[in-house]
Amino acid sequence: MIMDNMTIKNQEEIAPKIYRIEVTGPLTQQMKNPGQFVNLRVSKGIDPTLRRPISICDVDVEKETLTMIYRVEGKGTKLLAEKVVGDEVNILGPLGQGFPVEAAKPNDVCVLIGGGVGIPPLYYLGKQLVAAGAKVITILGFRTDKDIFLEEEFQELGELIITTEDGSKGVKGFVTDALKELKAYDLYYTCGPKPMLKAVEQTASTHGFISLEERMGCGVGACLACVCDLKERDKTTGKAYAKICSDGPVFLSGEVIL
Amino acid sequence: MIMDNMTIKNQEEIAPKIYRIEVTGPLTQQMKNPGQFVNLRVSKGIDPTLRRPISICDVDVEKETLTMIYRVEGKGTKLLAEKVVGDEVNILGPLGQGFPVEAAKPNDVCVLIGGGVGIPPLYYLGKQLVAAGAKVITILGFRTDKDIFLEEEFQELGELIITTEDGSKGVKGFVTDALKELKAYDLYYTCGPKPMLKAVEQTASTHGFISLEERMGCGVGACLACVCDLKERDKTTGKAYAKICSDGPVFLSGEVIL
Amino acid sequence: MSRIAVNLPGLHMKNPVMPASGCFAFGQEYGKLYDLNRLGAICVKAVTVEERRGNPTPRVAETPGGMLNAIGLQNPGLKHVLEHELPWLEKYDTPIVVNIAGYSVEDYMEVAREISKVHNVSAIELNISCPNVKEGGITFGTDAGTAAHLTDKVKSVSDVPVYVKLSPNVTDIVEIATAVEGAGADGLSMINTLLGMRIDLKTGKPILANRTGGLSGAAIKPVAIRMIHDVRQKVDIPIIGMGGIYEVDDILEFMMAGANAVAVGTANFIDPFVCPNLIDQLEDRMDELGIETLSSIVGRSSL
Amino acid sequence: MSRIAVNLPGLHMKNPVMPASGCFAFGQEYGKLYDLNRLGAICVKAVTVEERRGNPTPRVAETPGGMLNAIGLQNPGLKHVLEHELPWLEKYDTPIVVNIAGYSVEDYMEVAREISKVHNVSAIELNISCPNVKEGGITFGTDAGTAAHLTDKVKSVSDVPVYVKLSPNVTDIVEIATAVEGAGADGLSMINTLLGMRIDLKTGKPILANRTGGLSGAAIKPVAIRMIHDVRQKVDIPIIGMGGIYEVDDILEFMMAGANAVAVGTANFIDPFVCPNLIDQLEDRMDELGIETLSSIVGRSSL
Ligand SMILES: Cc1cc2nc3c(=O)[nH]c(=O)nc-3n(C[C@H](O)[C@H](O)[C@H](O)COP(=O)(O)OP(=O)(O)OC[C@H]3O[C@@H](n4cnc5c(N)ncnc54)[C@H](O)[C@@H]3O)c2cc1C
Ligand SMILES: Cc1cc2nc3c(=O)[nH]c(=O)nc-3n(C[C@H](O)[C@H](O)[C@H](O)COP(=O)(O)OP(=O)(O)OC[C@H]3O[C@@H](n4cnc5c(N)ncnc54)[C@H](O)[C@@H]3O)c2cc1C
Ligand SMILES: Cc1cc2nc3c(=O)[nH]c(=O)nc-3n(C[C@H](O)[C@H](O)[C@H](O)COP(=O)(O)O)c2cc1C
Ligand SMILES: Cc1cc2nc3c(=O)[nH]c(=O)nc-3n(C[C@H](O)[C@H](O)[C@H](O)COP(=O)(O)O)c2cc1C
Ligand code: FES
Ligand code: FES
């Protein structure tokens with residue numbers, strides 16, 4: 001199974017325009033890989049037409065709940081925010097290749113670097129890294145202190161550094177300003193806007209894993225809407241590009257042209 | 001005011017695919033003329049695009065409730081049937097020129113002749129005719145006995161003759177088979193499918209008032225989607241046609257080409 | 001000048017919004033619902049020399065995100081419009097645009113000559129794009145030479161600016177647009193409806209008695225935006241943009257594509273108050289997007 | 001023969017439904033979700049002689065009731081398709097249609113020659129209507145003479161039937177259809193996407209990096225129905241109909257308009273199981289409407 005209606009169990013605004021939604025259903029059984037995403041259908045009809053990709057933020061496989069965090073941007077997320085407990089949402093997923101938890105060896109220091117709505121997938125990742133015995137340091141970037149979310153949750157996983165552009169909380173500046181100050185770490189995992197990803201790739205002293213975003217058609221690798229260029233041709237397929245929806249959204253640092 | 005959101009107070013299936021819906025709101029204050037209709041918006045978005053015209057079946061001005069009865073035909077009425085108590089429906093109306101109650105003098109015998117979903121507007125009319133001191137005989141045509149609705153309600157207004165095409169209840173045949181048998185009456189009011197209206201006009205021994213249906217764009221007389229040809233040019237406007245939405249839906253027998 | 005005022009040949013509009021031709025009759029119906037002076041301009045139904053009965057019904061059919069119409073230019077004819085419809089509009093001081101149509105060049109010229117003399121008519125919209133009539137209409141709009149010839153002739157008899165209303169049912173709308181600009185058009189209106197059809201599955205027959213009709217509404221908006229954008233690169237005369245405008249953002253999108261003013265058609269049928277509502281929302285939305293004046297965004301997409 | 005089977009040149013289809021080119025890649029993705037043998041046929045992504053990188057992203061934008069795409073014919077090139085994609089499809093016994101494109105007549109001929117030799121290729125779909133590439137593509141599809149010439153050349157080298165995929169962005173699609181029929185086309189595919197555009201209000205720029213894109217989805221259905229209906233009156237070769245098919249009724253509407261089979265594009269993105277689901281619903285719906293066999297309703301709307 002890869003598509004099912006899931007029932008909304010909880011929905012709340014946790015920061016301005018940022019919503020946490022919890023849905024339930026057996027589809028969660030397959031959602032074991034952090035960094036994967038689902039493709040949501042926010043209405044039954046033709047309006048809007050396309051599904052909306054949203055990352056898996058947390059999964060409770062026993063309780064069969066999937067948590068997502070999203071920002072109200074346009075029509076689709078607005079409709080999603082209007083849904084109430086008990087409503088159903090059609091979900092296609094899990095999709096794509098997530099973050100490799102096994103890339104971190106026990107006691108490795110892993111830095112999670114997230115900006116804005118790139119933060120949610122790092123939470124499920126952080127939980128799994130900790131469970132696997134790795135050490136987690138998290139750097140989360142926000143515009144201002146009012147925008148902060150998931151603070152407590154990340155604190156429970158290890159050290160948490162918050163940066164705000166206006167300095168209203170934590171380090172003033174961008175996530176890379178905090179990253180620069182970090183001494184030793186073994187690898188990083190990052191998700192956020194493209195300029196941030198570029199800056200992180202340049203600033204980091206190790207390799208890492210980068211999660212990308214792109215406008216999507218199908219979400220399953222069939223339409224070629226979401227390609228990015230590879231630095232080198234893929235050795236097995238011979239292709240010069242990768243599909244973010246099915247080959248990604250997570251790539252090894254240096255693998256794709258940002 | 002001519003457009004407002006009204007709240008659903010009741011909705012039930014009263015015969016196969018036939019729903020009675022009751023909505024409430026101050027717009028009802030203006031709904032005094034039976035035979036008028038409202039134009040409903042069944043969804044917020046663009047799907048479906050157009051409003052749906054539905055006749056006023058009953059109004060309780062004090063309680064501010066409007067009752068409509070509709071058949072689930074296609075997409076729009078299906079969406080309407082899925083709505084539940086407490087939901088809002090955007091309503092434009094009352095629209096058009098209804099049945100003239102004042103055309104019946106006290107003690108006049110008025111025959112109401114309805115077929116299918118042409119029946120609902122006759123109910124509000126019948127109530128007003130009775131209140132004005134006229135005598136009401138109703139002939140309602142259905143396909144089969146399962147389809148019958150509003151039977152008790154019409155019985156309370158006076159004599160009720162039911163016809164069914166398969167003879168499963170009442171007179172076997174069409175409304176005109178029952179109309180032929182009626183001895184003396186002063187005028188008639190009719191609403192139903194066009195072939196029925198034609199047959200009624202030909203069968204009736206008096207003049208009467210006929211309510212028409214047509215696919216509509218605007219519902220307010222601005223787009224010319226819903227015209228019908230007049231037998232003679234209108235003396236005041238000089239026009240050879242009438243707009244069913246604003247000049248009708250009710251016309252004097254013989255006035256329009258059916 | 002107000003931030004939302006726009007100036008086009010013959011049309012000094014306090015805001016960029018007018019109802020689209022054929023969706024607003026001659027104004028009397030919507031005039032009962034709100035003060036028509038709130039509109040930037042009023043564009044009335046197509047007028048022909050003779051009265052026209054139009055097509056048989058059904059004349060409309062719904063489609064996903066849009067609708068088809070095949071009214072067939074029904075109108076009471078030039079004489080009646082001159083005597084009854086235009087005088088009724090005299091009580092308003094907002095510019096009036098009269099959409100004109102005909103079977104022949106002479107027809108068009110006659111209507112243009114008479115209509116443009118009326119003192120409360122500010123501009124003519126030359127309808128060379130009606131898809132719902134057998135003769136005239138769209139046949140003038142699909143060939144650049146024919147369109148230019150007609151424009152030239154109508155210009156020669158019109159006392160007011162002439163906006164040519166283009167058909168989207170063509171391979172190269174830029175070619176037609178540049179041809180009518182060359183022939184002296186003062187502006188363009190675009191787009192008219194796309195030819196479409198729907199079939200009733202129960203009967204197997206087209207829903208419209210005319211078989212085909214013109215597709216309007218939200219569904220056609222991206223086609224309209226593309227055509228306006230393309231034409232804007234090549235012509236200098238103003239464009240009145242239309243095709244699927246329902247929301248305030250749509251107005252801004254049309255103007256960024258290159259429209260100098262806009263017309264709202266089908267949306268009136270969904271919400272009869274849509275024109276004044278959109279006008280009311282315009283400045284707030286401009287503030288949110290940091291837009292100073294409307295005129296500053298015209299054609300921004302091609303900068 | 002089953003009531004829902006249809007027979008077209010080279011295509012013996014157990015049902016009339018195939019995925020539309022470009023919306024199904026080379027089958028591998030949807031092949032993970034269901035058995036592709038359930039499909040009437042499989043139409044794969046456009047193939048060109050050389051590998052193509054396509055357009056920069058963003059390549060899709062949503063529109064009311066539809067979407068724009070500007071993929072730009074990205075594909076791994078003829079050699080790779082011959083070596084990797086087509087062999088993978090060998091495990092299925094449903095007909096394969098290969099969509100082909102090129103910059104020049106010679107390009108098209110080379111792809112057609114090679115592809116048509118592959119034993120599991122049942123037909124070629126000649127894409128003369130891609131709106132998203134600067135050279136080739138749509139330029140072959142907007143002029144009847146050019147389209148006919150290309151058809152003739154491709155027919156001369158193809159071992160399998162050739163379906164010409166028509167562009168809706170033309171003034172007279174019937175003219176192009178009759179021209180390619182005259183040049184020997186075995187069938188037509190229609191319609192490809194309508195040219196459209198969307199602007200991002202925050203930046204004032206087009207959302208698509210390519211500026212314009214092709215409009216597909218429910219929004220274009222009435223245009224497709226109209227064009228198929230018009231073409232059906234004048235050509236005898238079969239038509240594969242597409243453009244906004246989402247529901248089982250849409251299949252019947254296309255066939256009544258004149259299509260002999262149908263393709264489903266955008267709807268796959270909304271529901272990846274849409275093709276098998278529609279196929280499953282077909283007979284029940286035919287029963288409800290009293291339709292005996294599908295072949296009996298083809299072109300019913302013009303009877
Ligand atoms: C793999 C992936 C994971 C994502 N995870 C999250 C998440 O966990 N939380 C979150 O808030 N957002 C996430 N996004 C971004 C989210 O998909 C968009 O914000 C959302 O689709 C916007 O839809 P809308 O209807 O509100 O906006 P509209 O502007 O109305 O959307 C119009 C169209 O553009 C697409 N679109 C618009 N912005 C984006 C974008 N940034 N990325 C991709 N498509 C876009 C929409 O999907 C839709 O097709 C993710 C995107 C991707 C690709
Ligand atoms: C003045 C008037 C009063 C009416 N009163 C009632 C009533 O009280 N009860 C009732 O059940 N029906 C009534 N109808 C018919 C009702 O409007 C249609 O059944 C309804 O619009 C069908 O919509 P749909 O979405 O279910 O069907 P669809 O087939 O999906 O509708 C598609 C389009 O066609 C239009 N349409 C389809 N059938 C009709 C029709 N028979 N008349 C007008 N437009 C149609 C729809 O409004 C819509 O625009 C009335 C019609 C008119 C004109
Ligand atoms: C019912 C109806 C009637 C129309 N009549 C005319 C007309 O008489 N003359 C004309 O130029 N355009 C006419 N049009 C086209 C509109 O003016 C407009 O160009 C088109 O509908 C696209 O705008 P919209 O999507 O906002 O409706 C008509 C459109 C509709 C829906
Ligand atoms: C993402 C995408 C890619 C497409 N690629 C091709 C293509 O390579 N070749 C082609 O002939 N048509 C292509 N098309 C057009 C479709 O095959 C189809 O003609 C069109 O989308 C209309 O059908 P629909 O509304 O069901 O999507 C593409 C369409 C989409 C949406
Ligand atoms: S969204 Fe279709 S290939 Fe990625
Ligand atoms: S529906 Fe528009 S005039 Fe009657």
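Throughout, protein chains are lettered first and strands after them, A, B, ... in sequence-line order, and every chain is numbered starting at 1. As the structure is a prediction and not an experimental result, all values here were calculated from the model.
- Of the residues considered (D:E253, D:K221, D:K205), D:E253 shows the highest number of contacts with chain C, using heavy-atom pairs under 4.5 Å.
- The shortest side-chain heavy-atom distance between C:S302 and D:R211 falls under the 4.5 Å cut-off.
- Counting heavy-atom pairs closer than 4.5 Å to chain D, the top residue among C:G66, C:A218, C:G65 is C:A218.
- When the candidates C:R198, C:R300, C:H229, C:E288 are compared by the number of heavy-atom contacts under 4.5 Å with chain D, C:H229 comes out ahead.
- Taking all atoms of both residues into account, the shortest heavy-atom contact from D:P64 to D:A219 is O-CB, 3.7 Å.
- Interface residue C:L201: backbone and side-chain heavy atoms are both found under 4.5 Å from chain D.
- Across every non-hydrogen atom of D:L150 and D:I128, the tightest pair is CD2-CG2, 3.3 Å.
- Taking the ring centroids of D:Y108 and D:Y103, they lie at or beyond the 6.0 Å cut-off.
- Judged by distance alone, the side chains of C:R3 and C:N15 never bring a donor and an acceptor atom under 3.5 Å apart.
- Using a 4.5 Å cut-off between heavy atoms, D:L289 contacts chain C through its side chain alone, with no backbone atom that close.
- The two atoms that bring D:S296 and D:I291 nearest to each other are OG-CG2, 4.3 Å, heavy atoms only.
- Looking at C:L252, both its backbone and its side chain come within 4.5 Å of chain D, counting heavy atoms on both sides.
- In terms of heavy-atom pairs under 4.5 angstrom with chain C, the leader among D:T212, D:D249, D:L194, D:I297 is D:D249.
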